[in-house]
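Please read the structure below before turning to the comments.
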Amino acid sequence: MKLSVRNVSFMYPTGVRALDGINLSIESGEFVAIVGENGAGKTTLVKMFNGLLRPQEGKVTVGNWDAADYSTARLAGRVGFLFQNPDEQLFEQNVLREVEFGPRNLSFSKTKILSRAKAALSTVGLKEKADQNPYDLEPFERKLLALAAALAMNTPVLVLDEPSIGQDAAGRKRIGRILQDLHKMGRTLLLISHDLDFCAENAHRVIVMANGKILADGPASKVFGQTEILGKAALLPPQLVRLAQALNMPANPLSVKQFVAQYSKWRKRKKKT
């Protein structure tokens with residue numbers, strides 16, 4: 001399901017211009033990270049895809065739909081959303097009902113609702129806590145619960161706002177594996193994060209935003225190597241990229257595995273010269 005943004009601008013009542021003539025296309029099945037400092041316009045942009053915000057200028061399309069013609073409820077069937085703060089999403093009396101809420105509102109059968117909810121809880125590791133109240137969970141578990149609720153919707157597009165925040169190393173790896181599996185299944189993923197290491201490990205394409213504009217857009221290995229552009233967005237490259245740059249390596253590794261392989265090749269070439 002292709003996403004398209006054409007000449008989109010948006011200003012909040014406070015006078016802050018959050019988006020300034022944005023043009024963007026995201027093809028079906030892409031895994032895209034959108035990065036930038038607070039106030040860059042990242043969250044404002046992705047909220048356009050499910051109607052939480054509407055452009056004041058320009059046009060947003062989701063698949064063959066002009067988003068302006070559809071309600072947020074209808075768009076939610078195409079674009080799932082994981083909020084940065086899970087407490088903004090959770091309201092049911094127990095974990096299972098929380099995850100069932102989305103599929104229930106899509107009018108699925110009772111059997112399909114239950115199977116989707118249980119599968120989503122199993123995926124995030126909360127299957128054994130199905131009967132608990134969401135607010136009896138630890139904060140990091142509530143984040144996983146909100147993710148399960150989004151997964152159960154089975155939307156072709158999934159937006160994730162800071163999914164790794166508050167997670168320990170094991171939690172980050174679990175979420176990374178979930179996202180990689182979703183990407184392999186052909187889902188379109190939009191990842192908003194200040195955790196550039198997490199973005200580098202997972203996303204294939206990176207969009208850098210600042211002051212409501214797009215500063216860079218391209219493959220993760222290329223964009224994360226553009227130190228000057230990242231600096232304009234008040235960002236530092238991922239740790240492994242910074243280490244490679246400090247060593248004057250010619251490549252921009254995005255994972256430990258890539259770094260080891262590229263470092264080995266680089267050292268061999270240096271020895272020959």
Please tabulate, for side-chain N and O atoms in residues 217-225, each donor-acceptor pair with protein atoms closer than 3.5 Å (sequence neighbours left out).
unit_1 : atom_1 : unit_2 : atom_2 : d
Asp217 : OD1    : Arg205 : NE     : 2.8
Asp217 : OD1    : Arg205 : NH2    : 3.4
Asp217 : OD2    : Arg205 : NH2    : 2.8

With [X] via side chain to side chain contact (heavy atoms under 4.5 Å, CB included) - residues at least two apart:
X: Ser28; result: Thr188
X: Gln89; result: Leu82, Phe83, Ala146
X: Pro237; result: Thr227, Leu230, Val241, Arg242, Gln245
X: Lys265; result: Arg269

Between Arg172 and Asp197, does any NZ, NE, NH1 or NH2 come within less than 4.0 Å of an OD or OE carboxylate oxygen?
no
Taking the side chain as every heavy atom from C-beta outward, state whether [X] and [Y] have any pair of such atoms under 4.5 Å apart.
X: Leu147; Y: Pro163; value: no
X: Pro134; Y: Glu141; value: no
X: Asn64; Y: Met1; value: no
X: Lys47; Y: Phe81; value: yes
X: Leu145; Y: Leu121; value: yes
X: Met153; Y: Thr155; value: yes
X: His194; Y: Glu162; value: yes
X: Asp161; Y: Val46; value: no

Can you list everything that forms a ring-ring contact (aromatic ring centres under 6.0 Å, His included) with [X]? Sequence neighbours excluded, please.
X: Phe31; value: His183
X: Phe91; value: Phe101
X: Tyr12; value: Phe10
X: Phe198; value: none

Once side-chain hydrogen bond (donor to acceptor under 3.5 Å, both in side chains) is applied, do any residues pair with Arg267, and if so which ones, sequence neighbours excluded?
none
When the side chains of residues 253-261 are checked against the rest of the protein, which donor-acceptor pairs come out under 3.5 Å, sequence neighbours left out?
unit_1 : atom_1 : unit_2 : atom_2 : d
Ser255 : OG     : Gln258 : N      : 3.1
Gln258 : OE1    : Leu254 : N      : 2.9

Check whether [X] and [Y] end up in the same hydrophobic cluster, where Ile, Leu, Val, Met, Phe, Trp and Tyr are linked by side-chain heavy atoms less than 4.5 Å apart.
X: Leu160; Y: Leu144; value: yes
X: Ile26; Y: Leu52; value: yes
X: Leu182; Y: Val99; value: yes
X: Leu3; Y: Ile192; value: yes
X: Leu45; Y: Val206; value: no

Which heavy atom of [X] sits nearest to which heavy atom of [Y], and what is that distance?
X: Gly41; Y: Leu19; value: O-CD2, 3.5 Å
X: Ser193; Y: Ser164; value: OG-OG, 4.2 Å
X: Val8; Y: Val60; value: CG2-CG2, 3.8 Å
X: Thr44; Y: Ala18; value: OG1-CB, 3.7 Å
X: Ala234; Y: Glu37; value: CB-OE1, 3.6 Å
X: Ile34; Y: Lys42; value: O-CD, 3.5 Å

Return the CD1 to CE distance between Ile22 and Met48, rounded to the nearest 0.5 Å.
10.0 Å
Any chance you could measure Lys213, atom NZ, to Lys232, atom NZ, to the nearest 0.5 Å?
13.0 Å
Compile the donor-acceptor pairs under 3.5 Å between side chains in residues 173-180 and protein atoms, sequence neighbours left out, one pair per line.
unit_1 : atom_1 : unit_2 : atom_2 : d
Arg174 : NH1    : Thr123 : O      : 3.4
Gln180 : NE2    : Asn202 : O      : 3.0
Gln180 : NE2    : Asn202 : OD1    : 3.2

Closer than 3.5 angstrom, by distance alone: can the side chain of Ser9 be matched with the main-chain N or O of Gly21 as a donor-acceptor pair?
yes
Test Arg54 against Thr72 for side chain to side chain contact (heavy atoms under 4.5 Å, CB included), laying out the working first.
CA-CA 10 Å; Arg54 306 286 181 170; Thr72 300; 4.0 Å; yes
Within 6.0 Å of CG in Asp69, more than 12 heavy atoms from elsewhere
yes
Atom CG of residue position Asn211 - does it have more than 12 heavy atoms of other residues, nucleotides or ligands inside 6.0 Å?
no
Test log, rule side chain to side chain contact (heavy atoms under 4.5 Å, CB included), inputs Leu114 and Leu96
CA-CA 8 Å; Leu114 183 60; Leu96 181 60; 4.1 Å; yes
Side-chain donor-acceptor pair under 3.5 Å between Asn7 and Asn23, yes or no?
yes
